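These figures come from a predicted structure and were not determined experimentally. The chains referred to below are lettered A, B, ... by the order of the sequence lines, with proteins before strands, and numbering in each begins at 1.
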Amino acid sequence: MIKLLKVTKEFPRTGAALKGVSLHVPKGAFVFLTGHSGSGKTTTLRLIHMSDRPTDGEVRVSGFSSLRTSRREVWKVRRRVGFVFQDFRLLPGRNALENVAFALEVTGCKKPEIRPRAQRLLSQVGLAVKSGSHVHELSGGEQQRVAIARALASEPLVLLADEPTGNLDDRATRGVMDLFWEINAMGMAVVMATHDLDLIRTYPEARVLELDQGRLVYDSSEDAGRG
Amino acid sequence: MATTIRETVASLRRSPLLAGLSSLMVGLALFVLGLFSLAAYNLRLALETVEERVEVVAYLREDLRQVDLDAAVETLETLPGVEEVRYLSKPEALERAIRDLPEIAEVSTDLEVNPFPASLEVRFLPEGRTTETVEAVVASAESLPAVEDVRYGQEWMERLFFLRRIGGITSLILGAAFATVATLIIGTAIRIAVFARREEIYVMRLVGARDSLIWRPFLLEGAVTGLVGGLLATLLTWATHQSVFHFLFELSWIPTSWVLSGIGIGVVFGILASNLAVRRYLKEV
């Protein structure tokens with residue numbers, strides 16, 4: 001479903017962030033993308049989301065190729081790829097329900113369906129009772145759940161998460177991770193960037209990809225294959 | 001389109017203060033242009049009133065033949081820039097002199113012979129009121145057999161035309177400067193409004209909103225801001241005009257086409273500024 005084929009990404013000021021990376025994430029996989037700061041984790045996620053384009057090579061996401069998908073068509077890719085961040089990126093002037101409803105509204109959901117669907121999504125992430133709470137009234141873990149509900153609004157095939165537990169305490173981290181696994185159990189692939197090795201060790205059933213200075217240096221699925 | 005209007009109205013409702021301030025900034029910027037237009041238009045009218053007096057007078061020979069007179073009138077009427085050629089007979093010239101100069105009236109009864117010559121008065125179309133056209137008419141008149149002498153206020157006219165050129169150039173430079181300042185202010189006002197909503201743009205792109213859905217409400221909002229600003233500027237300029245008219249001196253109101261152009265400029269700049277600002281944030285995701 002997601003393929004990176006010899007992908008290189010160079011930035012004018014900082015140079016190469018990825019160097020000839022190839023990888024494949026099949027449907028329903030749970031993948032940890034790890035590595036030190038600056039190893040290329042965020043760049044990889046942005047390339048999958050087509051927020052950036054590779055300097056060389058090709059990114060394929062659910063039938064869309066980075067070589068053939070124009071900027072005008074990129075919205076089609078993004079409806080298949082949900083994205084959550086360490087800093088949540090919620091709209092501060094709105095409550096939880098409005099944040100999710102906004103995503104539904106701008107992705108073409110019919111007006112009468114917006115509110116009930118937003119409510120259902122918040123229930124799915126365990127925040128039904130906080131739907132009327134404004135963003136600043138929510139804890140970090142709750143804000144991340146709203147962000148996940150928003151990312152699920154377009155019923156994507158894959159959920160990208162860039163250090164989603166980076167701002168959370170242990171309890172909130174466990175809650176969010178449980179939620180990711182629940183979502184994954186429903187058939188959605190999850191690709192999560194994290195440098196937290198303890199967290200990765202907690203979930204040995206997940207696949208681990210390690211980046212170092214822009215190169216893919218470890219893939220646990222190859223280890224398993226050899227084993 | 002319904003979604004675009006709904007989203008625009010919702011956005012204006014969410015941040016009425018920001019929308020109001022943007023419109024106010026646009027309005028004040030266009031108000032400066034409005035005041036300049038008012039001054040420039042009235043200056044132009046004043047100059048035009050003086051320019052209407054630009055004329056060439058060809059004094060005719062005493063022994064004038066009708067055929068020469070007809071030929072002279074026909075020649076002068078066909079010259080470019082000429083509006084009309086009027087024949088003033090000797091008695092008409094005396095009559096006018098008596099009417100305009102009372103001292104002539106006192107001595108006119110003692111006159112045995114009418115000393116005033118017949119003449120042809122050449123008036124010019126607005127576009128013909130230039131040194132070149134007037135001099136061409138003078139040269140042509142001087143060459144006519146019916147004409148004894150040609151007079152026109154050469155020095156006065158050159159000064160008038162010089163004043164008009166200076167006025168035109170000054171208006172152009174000042175107008176361009178004011179328009180540039182207005183453009184920058186309008187651009188900044190709209191950019192601030194878009195900047196305040198950059199997170200919305202970001203989320204829209206993030207979750208896969210179509211570009212058109214992102215653009216349209218902002219463009220419509222820019223147009224509304226420009227329209228409200230333009231109407232506000234018209235109101236302020238009109239109020240200034242009324243105040244000057246009633247308390248200081250008579251002043252003509254600018255033509256409707258200028259007012260509509262001003263409002264149109266507000267709308268167009270509003271759309272352009274929104275377009276540029278949104279384009280910038282769209283590139284970020």
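- Contact check for W75(A) versus R205(B): no side-chain heavy atoms found under the 4.5 Å cut-off.
- Within 6.0 Å of the CH2 atom in W215(B), the count of heavy atoms belonging to other residues, nucleotides or ligands exceeds 12.
- Within a 6.0 Å sphere centred on CZ of F11(A), other residues, nucleotides and ligands contribute more than 12 heavy atoms.
- Partners of F178(B) under the ring pair (Phe, Tyr, Trp, His ring centres under 6.0 Å) rule, at least two apart in sequence or in another chain, are F36(B).
- A distance of 10.5 Å separates CD of E73(A) from CZ of R210(B), quoted to the nearest 0.5 Å.
- Of the atoms belonging to V74(A), it is side-chain heavy atoms, and not backbone ones, that fall under 4.5 Å from chain B.
- The environment of E127(B) atom CD is dense: over 12 non-hydrogen atoms of other residues, nucleotides or ligands sit within 6.0 angstrom.
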TODO: Would you check, one step at a time, whether the test side chain to side chain contact (heavy atoms under 4.5 Å, CB included) holds for V207(B) with R150(A)?
DONE: CA-CA 8 Å; V207(B) 300; R150(A) 181 181 68 187; 4.1 Å; yes

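- The 12-atom threshold is not exceeded at NE2 of H36(A), counting heavy atoms of other residues, nucleotides or ligands nearer than 6.0 Å.
- At least one donor-acceptor pair closer than 3.5 Å links the side chain of R79(A) to the backbone N or O of G208(B).
- The only member of L91(A), L90(A), N99(A), V106(A) that meets side chain to side chain contact (heavy atoms under 4.5 Å, CB included) when paired with V203(B) is L91(A).
- Both the backbone and the side chain of A103(A) come within less than 4.5 Å of a heavy atom in chain B.
- A salt bridge is absent between R94(A) and E199(B); no separation between the charged side-chain nitrogens and carboxylate oxygens falls under 4.0 Å.
- The neighbour count for R191(B) CZ, taken as heavy atoms of other residues, nucleotides or ligands under 6.0 Å away, does not exceed 12.
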In a table with atom names and distances, give each donor-acceptor pair under 3.5 Å that connects a side chain of residues 157-165 of chain A to protein atoms at least two apart or in another chain.
unit_1, atom_1, unit_2, atom_2, d
D162(A), OD1, T42(A), OG1, 3.3
D162(A), OD2, T42(A), OG1, 3.0
E163(A), OE1, H195(A), ND1, 3.4
E163(A), OE2, H195(A), N, 3.4
E163(A), OE2, H195(A), ND1, 2.8

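- Proximity to chain B among residues 114-138 of chain A is not found for any residue, judged by heavy-atom separations below 4.5 angstrom.
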Give every donor-acceptor pair under 3.5 Å between a side-chain atom in residues 254-263 of chain B and any protein atom, sequence neighbours left out.
unit_1, atom_1, unit_2, atom_2, d
S261(B), OG, S257(B), O, 2.7

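- A 4.5 Å side-chain heavy-atom check between H49(A) and L206(B) finds at least one atom pair inside the cut-off.
- Neither the backbone nor the side chain of K76(A) has a heavy atom closer than 4.5 Å to any heavy atom of chain B.
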